[in-house]
Trainee: 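This is the structure I want to talk about, given as structure tokens.
Residue numbering restarts at 1 for every chain, and letters A, B, ... go by the order of the sequence lines.
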Protein chains: 2
Amino acid sequence: MSITSDILRGHTEAIILSHLLEQDSYGYQINKDIMKKTDNTYELKEATLYSAFRRLEQAGYIRTYWGDETVGARRRYYAITEEGIKAYQGYKKEWQEAKDMIDKLLR
Amino acid sequence: MSITSDILRGHTEAIILSHLLEQDSYGYQINKDIMKKTDNTYELKEATLYSAFRRLEQAGYIRTYWGDETVGARRRYYAITEEGIKAYQGYKKEWQEAKDMIDKLLR
DNA sequence: TAATATACCTCGTCTGTCAAGGTATATTTA
DNA sequence: TAAATATACCTTGACAGACGAGGTATATTA
């Protein structure tokens, strides 16, 4: 990974929410999708992912349920809540602002 | 401040180097300039600033000297080094990449 | 003369990240 | 068929950057 984690820090929750906006998903899949979306340049570490899930659920931004797999390993699915949608919009706005600001400061 | 510090995290050093690229400066002034540049939306906290100076000097990206003020409080000036210039270019490239990546992940 | 501005600094806490470890099932390969 | 790999979950403890709160000293302004 070429991008240091300090630069990505703080975006994990927004990235997850963005993903759940498309569809319910589970940890392993989300991780895979993020890798794919970034052409394998960014991999959310599992420990990071699960601690983010913990915070998001705590905040009421996601809810969780077990999948009904009859074969294969069980899957814990995550779904975004109404509050999560609002939070995501906030995160996104914050990102736009931060982006402009950093662009202004780095020249 | 509306931007959370986790989003800015990791950019402190690049922001400082960018500033020193224009001219030598000292802590208090750098802080003021950053506030001004961002229309007072972002203030680098002093503790953050000084710990970044520490790291930058350690890394050989800046060097420091005392100003020869005859009046007023003494000033410790910072100057960017050749290595610092290279490091800055690296930081900047990293930022461009990270920006694209986050934009890709938040939609 | 009190308050504010300029200018420096340190200590200890907080929080997100992640390396390293673990469990269990299913599939592929040697 | 045994071993390796992939899928899928999870926890613990350490690390590092940000920063609140505190400190010192000088100069200016109200």
Trainee: Taking only nitrogen or oxygen atoms into account, show me every contact under 3.5 Å that the protein makes with nucleotides 20-29 of chain C, one pair per line with its distance.
Mentor:
| residue | atom | partner | partner atom | Å |
| --- | --- | --- | --- | --- |
| C:dA26 | OP1 | A:G72 | N | 3.4 |

Trainee: Less than 4.0 angstrom between a side-chain N/O of A:T12 and OP1 or OP2 of C:dT17, yes or no?
Mentor: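 For C:dT17, OP1/OP2 do have a side-chain N/O of A:T12 under 4.0 Å.
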
Trainee: Just compare D:dC9, D:dG17, C:dC8 and give me whichever is closest to any side-chain atom of A:R76.
Mentor: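 Per side-chain heavy atoms of A:R76, the pick is D:dC9.
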
Trainee: Can you list every salt bridge (charged side-chain N to carboxylate O under 4.0 Å, His left out) pair that touches residues 15-38 of chain B, not counting sequence neighbours?
Mentor: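 Counting only pairs at least two positions apart or across chains, the salt bridge (charged side-chain N to carboxylate O under 4.0 Å, His left out) contacts touching residues 15-38 of chain B are B:E22-B:K37.
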
Trainee: Salt bridge (Lys or Arg N to Asp or Glu O under 4.0 Å) with A:R55: which residues, sequence neighbours excluded?
Mentor: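 For A:R55, the residues satisfying salt bridge (Lys or Arg N to Asp or Glu O under 4.0 Å) (neighbours in sequence not counted) are A:E13.
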
Trainee: Just to confirm, is there a sub-4.0 Å distance from OP1 or OP2 of C:dG16 to any side-chain nitrogen or oxygen of A:T48?
Mentor: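 Checking C:dG16 against A:T48, no side-chain N or O comes under 4.0 Å of OP1 or OP2.
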
Trainee: Distance check needed: C:dA5 P versus B:E69 CD, whole Å only.
Mentor: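 B:E69 atom CD is separated from C:dA5 atom P by 20 Å.
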
Trainee: Who pairs with B:Y77 by ring-ring contact (aromatic ring centres under 6.0 Å, His included), at least two apart in sequence or on another chain?
Mentor: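 Partners of B:Y77 under the ring-ring contact (aromatic ring centres under 6.0 Å, His included) test: B:Y26, B:Y65.
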
Trainee: Whole Å only: how far is the OH atom of B:Y65 from the C1' atom of C:dC8?
Mentor: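 Those two atoms, OH and C1', are 16 Å apart.
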
Trainee: I need the A:I30 CD1 to A:H19 NE2 distance, nearest 0.5 Å.
Mentor: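 It is 5.5 Å, given to the nearest 0.5 Å.
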
Trainee: If you round to the nearest 0.5 Å, how far is OG1 of A:T41 from CE of B:M101?
Mentor: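 Rounded to the nearest 0.5 Å, the CE-OG1 separation comes out at 5.0 Å.
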
Trainee: Polar atoms only, N or O, under 3.5 Å: list the protein pairs with nucleotides 2-4 of chain D and their distances.
Mentor:
none

Trainee: Nearest whole Å is fine: how far is D:dG17 C1' from A:H11 NE2?
Mentor: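 Atom NE2 in A:H11 sits about 15 Å away from atom C1' in D:dG17.
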
Trainee: Under a 4.0 Å heavy-atom cut-off, which of residues 15-24 of chain A touch DNA chain D?
Mentor: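 Here the set is empty: none.
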
Trainee: In whole Å, what is the span from the CG atom of B:D33 to the P atom of C:dT6?
Mentor: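 Going from B:D33 (CG) to C:dT6 (P), I get 12 Å.
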
Trainee: Heavy atoms only, 4.0 Å cut-off, all strands: where does A:R9 land among base, sugar-phosphate and nothing?
Mentor: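 The answer is base, as A:R9 lies within the cut-off (heavy atoms under 4.0 Å) of a base atom.
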
Trainee: In whole angstroms, how far is the P atom of C:dA19 from the CD atom of A:E43?
Mentor: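 Distance, rounded to whole Å: 9 Å.
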
Trainee: Say you draw a straight line from OG1 of A:T81 to CG of A:L17; how long is it, rounded to the nearest 0.5 Å?
Mentor: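 Between atom OG1 of A:T81 and atom CG of A:L17 there are 8.0 Å.
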
Trainee: Output the rest of the hydrophobic cluster of A:M35: all Ile, Leu, Val, Met, Phe, Trp and Tyr residues reachable through side-chain heavy-atom contacts under 4.5 Å, sorted by chain and number.
Mentor: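 Via sub-4.5 Å side-chain contacts, A:M35 links to none.
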
Trainee: For A:E69, is the CD atom crowded, meaning more than 12 foreign heavy atoms sit under 6.0 Å from it?
Mentor: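 More than 12 within 6.0 Å, yes.
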
Trainee: Could you tell me how far apart B:N31 (CG) and C:dA7 (C1') are, to the nearest whole angstrom?
Mentor: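 It is 11 Å, rounded to the nearest whole Å.
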
Trainee: Working to the nearest 0.5 Å, report the span between NE2 of B:H11 and CG of A:L106.
Mentor: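 The CG atom of A:L106 is 7.5 Å from NE2 of B:H11, to the nearest 0.5 Å.
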
Trainee: Taking the side chain of B:W66 as heavy atoms from C-beta outward, which of C:dC8, C:dG16, D:dA18 is closest to it?
Mentor: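 So the nucleotide nearest the side chain must be C:dC8.
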
Trainee: Looking only at the side chain of B:R75 (C-beta and beyond, no hydrogens), which of the listed nucleotides C:dA7, C:dC18, D:dC9 gets closest?
Mentor: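 Comparing C:dA7, C:dC18, D:dC9 against the side chain of B:R75, the answer is C:dA7.
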
Trainee: List for me each residue that meets salt bridge (Lys or Arg N to Asp or Glu O under 4.0 Å) alongside B:D103, sequence neighbours excluded, and say none if there are none.
Mentor: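 Expected list: A:K99.
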
Trainee: To the nearest angstrom, how far is B:K45 atom NZ from C:dG12 atom P?
Mentor: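 It works out to 22 Å between those atoms.
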
Trainee: Kindly state which residues belonging to residues 49-62 of chain A come within less than 4.0 angstrom of DNA chain C, counting heavy atoms of the residue only, listed by number.
Mentor: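 Here the set is A:S51, A:R55.
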
Trainee: Roughly how far apart are A:I16 CD1 and A:L44 CG, rounded to 0.5 Å?
Mentor: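 Answer rounded to 0.5 Å: 6.0 Å.
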
Trainee: Round to a whole Å and report the spacing from OH of A:Y26 to P of D:dA8.
Mentor: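 Between P of D:dA8 and OH of A:Y26: 4 Å.
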
Trainee: For B:Y78, check ring-ring contact (aromatic ring centres under 6.0 Å, His included) against everything at least two apart and list the hits.
Mentor: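 B:Y78 satisfies ring-ring contact (aromatic ring centres under 6.0 Å, His included) with B:F53 once adjacent residues are dropped.
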
Trainee: Listed by chain and number, what are the ring-ring contact (aromatic ring centres under 6.0 Å, His included) partners of A:Y88, not counting sequence neighbours?
Mentor: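 With sequence neighbours excluded, A:Y88 shows a ring-ring contact (aromatic ring centres under 6.0 Å, His included) to no residue whatsoever.
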
Trainee: For a quick check under 3.5 Å, do A:T64 and A:R76 share a side-chain donor-acceptor pair by atom type?
Mentor: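 There is such a pair (donor and acceptor under 3.5 Å, judged by atom type) between the side chains of A:T64 and A:R76.
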
Trainee: Salt bridge (Lys or Arg N to Asp or Glu O under 4.0 Å) with A:K104: which residues, sequence neighbours excluded?
Mentor: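 Testing A:K104 for salt bridge (Lys or Arg N to Asp or Glu O under 4.0 Å), a comparison that skips the adjacent residues, returns none.
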
Trainee: Tell me whether the OP1 or OP2 atom of D:dT7 has a side-chain N or O from A:K32 closer than 4.0 Å.
Mentor: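 Answer yes for this pair, as a side-chain N or O of A:K32 is under 4.0 Å from OP1 or OP2.
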
